Amino acid sequence: MTMQLLERGIACPSTGSSHRIIVEAVRLLKESVSKLPLIQVADKLIKLRAFEAVVDICLLRAARDDPKQLAINVYRNGPKMDNESMEVVRKRGAAYDIITKMMDDLRCPSSTVTPNQRDVEIDEIMNAVLKSEDELAHVGLFRWLMMRGEKEKILKSKSVYLEQWLSIEISKGGGVKGLGPVDWSSFLVTTETITH
């Protein structure tokens, strides 16, 4: 039923009707998020340009796939994994990959949107991740930004997980080298503002 609702939204030319359909479909999707074909659902929501809904569904799925928070433990404490931990790391990674692929697709020159609209939509996606409480989603976003040379967006993100991410990456001996020369005094002021 939910997939049919999304199909109706794609076929519906009216923005108001499409919005109501998306809201109802997302409500239904959240009830059965553990069972749904995540990639296919995300593709339909992307066609509707419902990027924030894609983020919400992916983050909800990641949380439901890892109720014991094993993947966060692996991230914070190193790669010592049993089979259960490996499986939840894989599942969570698949959900986060949908989000980063969505941003990559928007950046693609063949995208049908203007560069300005593309930037607005990517910012919408990043803000949806940054307002979440999913630490690994923040980490995935930071890594995506690092790979694209957008270190300033990481430092300006005001993420509650930024300081911890920097500490973990430094302790692992990697990751933040790409940040280059950073005015740490401004970073410390930013993190103090965030944490107080």
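The structure displayed is predicted, hence computed values, not measured ones.
Between Lys35 and Arg64, every side-chain heavy-atom pair lies at or beyond the 4.5 Å cut-off. Lys153 is listed as a side-chain neighbour of Asp123, based on a closest heavy-atom distance under 4.5 Å. Between Met126 and Leu145, the closest side-chain pair of non-hydrogen atoms falls below 4.5 Å. Here the side chains of Ile168 and Arg76 are in contact, with some heavy-atom distance below 4.5 Å.
Note that CG of Asp66 and CD1 of Ile72 are 7.0 Å apart. Values are rounded to the nearest 0.5 Å. A distance of 9.5 Å separates SG in Cys108 from CG in Leu106, rounded to the nearest 0.5 Å. Rounding to the nearest 0.5 Å gives a distance of 8.5 Å between CZ of Arg90 and CG of Asp65. Within the model, atoms CD of Glu124 and CG of Asp119 stand 13.0 Å from one another, a figure rounded to the nearest 0.5 Å. Rounding to the nearest 0.5 Å gives a distance of 8.5 Å between CD of Glu135 and OG of Ser159. Expressed to the nearest 0.5 Å, how far CG of Leu45 lies from CG of Leu29 amounts to 6.5 Å.
Partners of Asp82 by side chain to side chain contact (heavy atoms under 4.5 Å, CB included), not counting sequence neighbours, listed by chain and number: Glu84, Ser85. In terms of the salt bridge (charged side-chain N to carboxylate O under 4.0 Å, His left out) criterion, residue partners of Glu31 (sequence neighbours excluded) are, by chain and number, Arg27. Residues satisfying the side chain to side chain contact (heavy atoms under 4.5 Å, CB included) test with Leu38, not counting sequence neighbours, are Leu36, Ile57, Cys58, Arg61, Ala95, Ile98. Evaluation of the salt bridge (charged side-chain N to carboxylate O under 4.0 Å, His left out) rule for Arg148 yields Asp104 as partners, not counting sequence neighbours.
Grouped by direct or indirect side-chain proximity (heavy atoms under 4.5 Å, Ile/Leu/Val/Met/Phe/Trp/Tyr only), Val88 sits with Leu70.
Judged by distance alone, the side chain of Asn77 and the main-chain N or O of Asn73 form a donor-acceptor pair under 3.5 Å.
Annotation: ring pair (Phe, Tyr, Trp, His ring centres under 6.0 Å) contacts involving residues 135-157, sequence neighbours excluded, comprise His138-Tyr161, Phe142-Trp165.
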Might you work through the side-chain contact (heavy atoms from CB on, under 4.5 Å) test for Leu141 and Thr100, ending with a clear yes or no?
CA-CA 7 Å; Leu141 178 61; Thr100 55; over 6 Å; no
Test Glu121 against Gln117 for side-chain contact (heavy atoms from CB on, under 4.5 Å), laying out the working first.
CA-CA 6 Å; Glu121 290 173 341; Gln117 183 182 0; 3.1 Å; yes
Test side-chain contact (heavy atoms from CB on, under 4.5 Å) on Lys30 and Asp56 and set out the steps.
CA-CA 9 Å; Lys30 286 181 176 182; Asp56 290 346; 4.2 Å; yes
Given Asp134 and Tyr96, is the side-chain contact (heavy atoms from CB on, under 4.5 Å) satisfied, shown in steps?
CA-CA 10 Å; Asp134 188 323; Tyr96 303 138; 2.8 Å; yes
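Note: the hydrophobic cluster containing Val74 also contains Met86 (ILVMFWY, side chain heavy atoms under 4.5 Å, direct or indirect links). In the hydrophobic cluster analysis, where Ile, Leu, Val, Met, Phe, Trp and Tyr join through side-chain heavy atoms closer than 4.5 angstrom, Ile125 is grouped together with Ile39.
Taking all atoms of both residues into account, the shortest heavy-atom contact from Leu130 to Ser157 is CD1-CB, 3.9 Å. Heavy-atom minimum distance, Arg92 versus Ala71: CD-CB, 3.5 Å.
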